[in-house]
Chemist: 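Just dropping this structure here.
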Amino acid sequence: MTSDFKPRSDFVRAMVERGYMHQCSDLEGLDAAFVAGPVTAYVGYDCTASSLHVGSLISIMMLRWLQKTGNNPIPLMGGGTTRVGDPSGKDETRKLLSVEAIEANKASIRQVFENFLDFGGAHAAVMPDNAEWLTKLNWIEMLRDIGRHFSVNRMLSFESVKTRLEREQEMSFIEFNYMILQAYDFVELSRRHGCTLQMGGSDQWGNIVSGIDLGRRMGSPQLYALTCPLLTTSSGAKMGKTAAGAVWLNADLVSAYDYWQFWRNTEDADVAKFLRLFTELPLDEIARLEKLAGAEINEAKKVLADEATALLHGRDAANQASAASKAAFEEGRMTGDLPSLDVDRASLEAGVQLAALVADAGLASSRGEARRLAQGGGVRLNDRQETDGQRLVTLADMDADGVIKLAAGKKKIVLVRAV
RNA sequence: GGGGGAAUGUCCCGAGCGGCAAAGGGGACGGACUGUAAAUCCGUUGGCGUACGCCUUCGCAGGUUCGAGUCCUGCUUCCCCCA
């Protein structure tokens with residue numbers, strides 16, 4: 001990992017120049033492999049939820065660059081490992097997902113990948129599920145063929161394990177075995193798909209290296225590891241959480257508008273970094289945007305939002321989100337693209353408590369919270385601050401277009417319509 | 001196997017003479033200031049009700065008590081020491 005290393009391959013150069021590179025097992029060797037011909041690489045994804053969130057986006061972008069530079073990407077679904085159930089966390093009854101649920105999650109997650117990767121053509125992406133091989137493993141053979149290559153002493157020394165033990169968090173045997181399963185995945189993928197590179201977040205380093213080790217002992221070709229930094233904002237917060245919760249990638253969980261807003265609200269200090277990681281703008285263009293200072297940097301944020309949203313939701317959706325945001329924030333107008341809530345006309349005639357409306361609109365998680373929010377001056381009804389959460393909202397509050405504008409804070413707006 | 005300690009507000013850390021919706025941080029959210037930024041200051045941070053109020057919370061299950069996070073018994077899990 002010499003800093004003056006000049007990659008010759010398009011892929012490694014993109015990784016290095018754009019800031020995806022955190023650690024690599026053998027950068028020069030990997031670069032040479034890319035120069036020699038197409039490389040197949042994979043990233044593993046959990047399928048415990050029906051969607052991935054922005055935390056996974058860096059690695060998705062890495063796969064995209066991989067394909068874009070003429071190589072073969074494999075997003076691997078962790079259906080097998082999910083079937084075991086993730087025992088992390090303390091005492092919550094671990095929810096074992098049914099096979100059907102896992103399949104549904106996989107299908108849903110695949111939609112996201114279809115936006116970023118091409119599943120046809122010369123360097124078609126494939127999306128295998130590690131259940132295909134993990135569920136067929138036999139305990140004794142497993143111990144004999146794979147288990148003997150692992151040293152518990154060594155496993156205990158891994159950062160992920162060590163911190164867990166130090167923090168006195170329970171770590172079940174199952175979880176301890178994830179490392180082994182993941183290492184085996186790598187070997188299996190190299191066997192099945194000629195995959196020689198595993199990428200992932202920096203927290204995966206130990207697991208990936210275990211896979212390389214295992215591969216060497218089991219006679220796989222030379223395998224490589226490449227990790228990216230974990231995504232945090234400059235102020236140190238883990239990225240991907242907003243008021244509404246996680247920033248999911250599936251459109252049915254987080255709309256293009258909200259997604260656009262998420263990027264628009266990037267901290268100044270992160271803009272350049274994010275432009276490199278989450279857009280495909282040329283570096284000189286990014287360098288130009290990076291120079292914008294003071295309030296002008298907002299222009300760069302809009303570009304970031306436009307580009308990032310276009311990648312996930314398409315250019316049209318990005319433009320719409322951009323226009324809706326411009327209208328709402330810069331011109332004080334509202335468009336139909338803002339989030340909305342339909343309310344029964346009859347109940348509006350009778351009057352609905354403001355707090356109830358705010359809670360129903362998803363701007364607060366309970367009426368009590370909504371009331372407190374109002375008390376603190378955080379609720380706006382048609383742009384007027386409304387501190388009384390018990391105030392009744394009626395049809396009289398509708399504007400000429402038949403819409404009531406409800407806002408929590410300055411950024412979260414919901415349009416209420418009567419139906 | 002023996003001995004000692006621990007588990008608290010469902011984000012985390014953490015105080016808690018038997019009257020407790022439970023100190024204090026961090027985080028998060030809101031307000032002011034700004035540029036839909038950061039920093040700073042202020043406020044909020046169990047649910048339901050218009051309200052005196054009602055309900056649900058301190059590892060789990062019982063018990064003592066008018067009253068239990070707090071005392072007793074059993075259980076679970078974790079940490080430390082001795083074997």
Side-chain angles (χ1 to χ4, degrees), chain A residues 55 87-95 162-173 175 232-247 257-275 289-290 292-306 309 321-334 338-339 351-356 358-381 383-392 406-413:
Chain A
S88 54
K90 295 180 214 164
D91 53 355
E92 84 270 18
T93 43
R94 62 193 56 148
K95 24 190 182 290
K162 235 166 45 185
T163 53
R164 273 306 264 297
L165 295 177
E166 273 160 19
R167 289 182 61 192
E168 296 184 10
Q169 282 179 337
E170 134 158 350
M171 180 167 201
S172 75
F173 185 63
E175 207 173 347
T232 56
T233 67
S234 288
S235 33
K238 47 199 171 302
M239 200 173 151
K241 294 272 287 272
T242 66
V247 180
Y257 171 81
D258 286 331
Y259 193 72
W260 194 94
Q261 279 295 316
F262 169 74
W263 293 108
R264 173 65 246 264
N265 285 309
T266 299
E267 295 173 25
D268 286 9
D270 289 323
V271 175
K273 181 168 85 179
F274 287 1
L275 279 168
L289 291 168
E290 197 172 353
L292 298 174
E296 286 189 342
I297 200 170
N298 283 326
E299 291 312 310
K301 291 185 191 184
K302 286 179 204 165
V303 173
L304 170 63
D306 282 344
T309 306
S322 173
S325 300
K326 185 172 184 193
F329 285 97
E330 295 174 25
E331 299 159 13
R333 283 189 300 115
M334 294 161 290
L338 290 170
V352 181
Q353 251 191 48
L354 179 60
V358 170
D360 288 346
L363 295 171
S365 58
S366 70
R367 292 177 185 207
E369 190 182 313
R371 210 172 296 127
R372 272 182 247 119
L373 189 68
Q375 241 156 45
V379 172
R380 254 164 259 250
L381 178 64
D383 295 321
R384 289 228 338 274
Q385 206 171 57
E386 198 64 68
T387 51
D388 179 14
Q390 279 151 25
R391 174 197 195 286
L392 291 183
L406 210 57
K410 289 175 190 146
K411 298 175 193 169
K412 286 167 292 178
I413 304 169

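Just so we're clear, the structure is a prediction, and the values are computed from it rather than from any experiment. Only heavy atoms go into these numbers, but all of them, side chains included; no hydrogens, no water, no symmetry mates. Residue numbers begin at 1 in each chain, while the letters A, B, ... track the order of the sequences.
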Chemist: Quickly work out the Glu267(A) CD to rA37(B) P distance and round it to whole Å.
Modeler: 10 Å
Chemist: Looking only at atom P, what distance separates rA22(B) and rC54(B), rounded to whole Å?
Modeler: 14 Å
Chemist: Measuring only between side-chain heavy atoms, which start at C-beta, is Leu392(A) closer than 4.5 Å to Val352(A)?
Modeler: no
Chemist: For rC20(B) versus rC81(B), give the span between their C1' atoms, rounded off to a whole number of Å.
Modeler: 36 Å
Chemist: With P as the reference atom in both, quote the distance from rG18(B) to rC82(B) in angstrom, rounded to an integer.
Modeler: 34 Å
Chemist: Tell me which nucleotide, if any, is Watson-Crick or G-U wobble paired with rA22(B) when both distances must be under 3.5 Å.
Modeler: none
Chemist: Whole angstrom is fine here: how far is it from NZ in Lys411(A) over to C1' in rC29(B)?
Modeler: 11 Å
Chemist: Need the pair for rG1(B). Rule: Watson-Crick or G-U wobble, both distances under 3.5 Å, any strand; none if unpaired.
Modeler: rC82(B)
Chemist: Watson-Crick or G-U wobble partner for rU70(B), using a 3.5 Å limit on both distances?
Modeler: none
Chemist: Glu369(A) CD to rU44(B) P: how many Å, rounded?
Modeler: 14 Å
Chemist: Return the value, rounded to whole Å, for the distance between atom CD of Glu299(A) and atom P of rA37(B).
Modeler: 15 Å
Chemist: With both distances under 3.5 Å as the test, what is the Watson-Crick or G-U wobble partner of rC58(B)?
Modeler: none
Chemist: If you check the Arg372(A) side chain, which of rU45(B), rG30(B), rG35(B) turns out closest?
Modeler: rU45(B)
Chemist: Any strand counts, and the cut-off is 3.5 Å on both contacts for Watson-Crick or G-U wobble. Which nucleotide pairs with rU76(B)?
Modeler: rA7(B)
Chemist: In whole angstrom, what separates Arg380(A)'s CZ from rU36(B)'s C1'?
Modeler: 12 Å
Chemist: If the C1' atom of rU45(B) is compared with that of rG25(B), how far apart are they to the nearest Å?
Modeler: 14 Å
Chemist: Considering heavy-atom distances to RNA chain B, does Ala293(A) or Gly368(A) have its closest nucleotide positioned more toward the 5' end?
Modeler: Ala293(A)
Chemist: Taking the P atom in each of rA38(B) and rC29(B), what is the distance between them to the nearest angstrom?
Modeler: 10 Å
Chemist: Taking only the side-chain nitrogens and oxygens of Ser366(A), find out if one of them lies under 4.0 Å from OP1 or OP2 of rC48(B).
Modeler: yes
Chemist: Taking any heavy-atom pair under 4.0 Å as a contact, classify Arg264(A): base, sugar-phosphate, or nothing.
Modeler: base
Chemist: Are OP1 or OP2 of rG49(B) and a side-chain N or O of Arg367(A) less than 4.0 angstrom apart?
Modeler: yes
Chemist: Tell me which nucleotide, if any, is Watson-Crick or G-U wobble paired with rU65(B) when both distances must be under 3.5 Å.
Modeler: none
Chemist: With sugar-phosphate meaning primed atoms plus P, OP1 and OP2, does Gln353(A) contact a base, only sugar-phosphate, or nothing at under 4.0 Å between heavy atoms?
Modeler: sugar-phosphate
Chemist: Starting from C1' on rA37(B), measure out to NZ on Lys273(A) and report it in whole angstrom.
Modeler: 15 Å
Chemist: From C-beta outward on Trp260(A), which listed nucleotide comes closest to its side chain: rC48(B), rG30(B), rU36(B)?
Modeler: rU36(B)
Chemist: Just to verify, which of Asp306(A), Asp268(A), Asp270(A) counts as forming a salt bridge (Lys or Arg N to Asp or Glu O under 4.0 Å) with Lys301(A)?
Modeler: Asp268(A)
Chemist: Got a sec, which residues hit side chain to side chain contact (heavy atoms under 4.5 Å, CB included) with Ala364(A), two or more places apart in sequence or on another chain?
Modeler: Val358(A), Glu369(A), Ala370(A)
Chemist: Is any side-chain heavy atom of Asn298(A) closer than 4.5 Å to a side-chain heavy atom of Leu292(A)?
Modeler: no
Chemist: Output yes when at least one side-chain N/O atom of Gln390(A) is less than 4.0 Å from OP1 or OP2 of rA51(B), else no.
Modeler: yes
Chemist: Take atom NZ of Lys412(A) and atom P of rA28(B), then tell me their distance rounded to the nearest Å.
Modeler: 13 Å
Chemist: Can you tell me how far P of rU45(B) sits from CZ of Arg371(A), to the nearest Å?
Modeler: 13 Å
Chemist: Given that both distances must come in under 3.5 Å, which nucleotide forms a Watson-Crick or G-U wobble pair with rC29(B)?
Modeler: rG43(B)
Chemist: What's the gap between rU10(B) and rU57(B) when it is taken at their P atoms, as a whole Å value?
Modeler: 12 Å
Chemist: Pick base, sugar-phosphate or nothing for Gln261(A), based on heavy-atom distances below 4.0 Å to the nucleic acid.
Modeler: base
Chemist: Which listed nucleotide (rG30(B), rU34(B), rU44(B)) is nearest to the side chain of Lys410(A)?
Modeler: rU34(B)
Chemist: Is rA15(B) paired to anything, Watson-Crick or G-U wobble with both distances less than 3.5 Å, and if yes, which nucleotide?
Modeler: none
Chemist: Take Ser365(A) and Asp268(A), find for each the nucleotide of RNA chain B with the closest heavy atom, and name the residue whose nucleotide sits nearer the 5' end.
Modeler: Asp268(A)
